[in-house]
There are 2 protein chains.
Amino acid sequence: MATGNSEATKARILEAARDEFSAHGIAGARVDRIAKAAGCNKNLLYIYFQSKETLFATVLEQNLRRVYDELRFTPDDLPGYAARVFDFAMANPGLMRLMAWAGLEQEAGDVALRNAAQSAKVAAMEAAAHDADGPGARLAPEFLLTAILALATAWSAASPFGPRLSPGLAADPATLRAQIADAVAAIAAARTGP
Amino acid sequence: MATGNSEATKARILEAARDEFSAHGIAGARVDRIAKAAGCNKNLLYIYFQSKETLFATVLEQNLRRVYDELRFTPDDLPGYAARVFDFAMANPGLMRLMAWAGLEQEAGDVALRNAAQSAKVAAMEAAAHDADGPGARLAPEFLLTAILALATAWSAASPFGPRLSPGLAADPATLRAQIADAVAAIAAARTGP
DNA sequence: GAGTCCTAGCTAACTCGTTAGTTAGTCTAC
DNA sequence: GTAGACTAACTAACGAGTTAGCTAGGACTC
């Protein structure tokens with residue numbers, strides 16, 4: 001056999017690292033705690049991953065990939081997309097925190113991957129919205145996309161607004177999702193200009 | 001004279017601490033760096049503020065107070081309010097990061113202050129929106145308020161979306177502010193239900 | 001089929017720079 | 001000569017990263 005059970009150990013480390021980084025960020029995370037939670041020796045972290053930093057980068061990339069895999073973008077159903085993003089964000093609070101930490105603690109990160117995904121979505125939205133334009137243009141796709149993401153994640157664990165300010169709303173995800181979808185529909189139909 | 005120039009030193013420490021915490025968070029901040037930036041001895045930090053944690057809490061409270069002081073809430077002009085929040089967020093990237101760090105690193109923080117502000121705004125919105133309701137109710141004020149904040153700050157330095165994904169938009173604040181105002185107007189006018 | 005070597009997977013214990021927090025004392029003005 | 005503002009130097013612990021070595025089992029030799 002090629003690998004023995006080292007792959008299982010790696011997986012356990014990545015899982016423990018995800019939890020630790022999600023809870024404490026890069027600077028606050030403790031390598032010893034990760035090793036203990038993974039039930040293995042600290043040195044293995046340095047054998048399998050080179051440093052705390054690269055371990056974080058690995059965890060982040062692995063989890064970002066999950067986002068892109070699980071969230072299909074539907075340019076012709078933006079409210080539905082927002083609802084799915086909302087569900088995903090509520091179902092994965094740890095992942096949302098991880099992304100927030102990365103945004104604060106890392107300079108740039110893997111801009112390439114994210115920019116490609118962004119451009120693809122913008123292009124798809126432009127293609128889907130070539131129907132008639134009345135007086136005043138629609139809001140720009142690039143703007144609309146960010147607005148959708150901001151709205152859909154405003155009640156996630158990583159947001160300073162939603163869950164902290166109105167815990168009552170966050171406790172009722174179904175109506176919250178409906179309200180987000182309604183709001184996105186309103187923005188998508190909105191026209192700018194006089 | 002009562003105080004000598006210790007007040008000036010305290011102010012320099014708070015300023016240096018704001019910058020350090022804003023850049024690195026609580027766990028990543030270094031007390032020695034703060035002292036050096038403030039041009040004073042490290043021990044003074046512990047004399048004037050008790051610990052790193054309470055220094056952070058002091059910095060946060062002082063700056064949150066600025067937010068509440070400088071941002072007048074206008075329930076009858078929500079797009080205008082959103083535009084002002086946007087301007088404030090763009091003008092104070094360090095403060096936005098500070099709030100983001102606080103949300104991630106602290107358990108609860110000063111819930112009382114924020115909850116009071118939130119309730120006051122919700123009540124003001126309800127009072128301002130007692131005109132006729134057509135078929136389908138308006139979106140709940142509590143929801144609308146969080147949505148506005150999420151939209152208005154989506155391009156701030158602390159957001160994982162706006163500035164990182166579409167730096168082009170962030171470079172043109174005037175149209176961005178207009179788009180945010182339009183979007184908020186659309187949501188505020190939106191009705192929910194069938 | 002016993003002895004020896006080798007490798008993958010793993011661990012205990014260590015190093016050493018860093019860091020929050022402290023102590024003891026200096027200096028200046030009144 | 002005392003009190004307020006401040007400093008240099010210290011301490012104790014922590015924490016990332018390292019070293020040296022253990023153990024099980026396969027394989028190869030005779």
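Here the structure is a predicted model, which means the values were calculated and not measured. Side-chain atoms are counted along with the backbone in the values below, which use heavy atoms only and exclude waters and symmetry mates.
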Between [N] and [X], is there an OP1 or OP2 to side-chain N/O distance shorter than 4.0 Å?
X: A:R30; N: D:dC14; answer: no
X: B:Y48; N: D:dA5; answer: no
X: A:T9; N: C:dC10; answer: yes
X: A:S6; N: C:dA8; answer: no

Round to the nearest Å and state the distance from [X] atom [atom1] to [N] atom [atom2].
X: B:E53; N: C:dG21; atom1: CD; atom2: P; answer: 8 Å
X: A:L44; N: C:dT11; atom1: CG; atom2: C1'; answer: 8 Å
X: A:Y46; N: C:dC10; atom1: OH; atom2: C1'; answer: 16 Å
X: A:L55; N: D:dG15; atom1: CG; atom2: C1'; answer: 15 Å
X: B:R12; N: D:dA5; atom1: CZ; atom2: P; answer: 13 Å
X: A:D32; N: D:dA13; atom1: CG; atom2: P; answer: 17 Å
X: A:I47; N: D:dA20; atom1: CD1; atom2: P; answer: 14 Å
X: A:I13; N: D:dA16; atom1: CD1; atom2: P; answer: 15 Å

Report yes or no: does B:R177 contribute a side-chain atom to a donor-acceptor pair with the main-chain N or O of B:D87 at less than 3.5 Å?
-> no
Backbone of B:I34 reached by a side-chain donor or acceptor of B:K42 within 3.5 Å = no
Could you please spell out the steps behind the salt bridge (Lys or Arg N to Asp or Glu O under 4.0 Å) verdict for B:K10 and B:E7?
-> CA-CA 5 Å; B:K10 275 189 198 176; B:E7 290 303 319; 3.8 Å; yes
With a 4.5 Å heavy-atom cut-off, do A:E20 and A:F56 have their side chains touching?
-> no
Could one point to a donor on the side chain of A:K42 or the base of D:dG17 with an acceptor on the other under 3.5 Å away?
-> yes
Going by modelled atom types, is there a donor-acceptor pair between the base of D:dT19 and the side chain of A:N43 at under 3.5 Å?
-> yes
Base, sugar-phosphate, or nothing: which does B:A29 touch, judged by heavy atoms less than 4.0 Å apart?
-> sugar-phosphate
Determine the interplanar angle of the A:W155 and B:F143 rings, folded into 0 to 90°, and report it as parallel if under 30°, tilted if 30 to 60°, perpendicular if over 60°.
-> parallel
Name the closest nucleotide to the A:K52 side chain, picking from D:dA16, C:dC10, C:dA20.
-> D:dA16
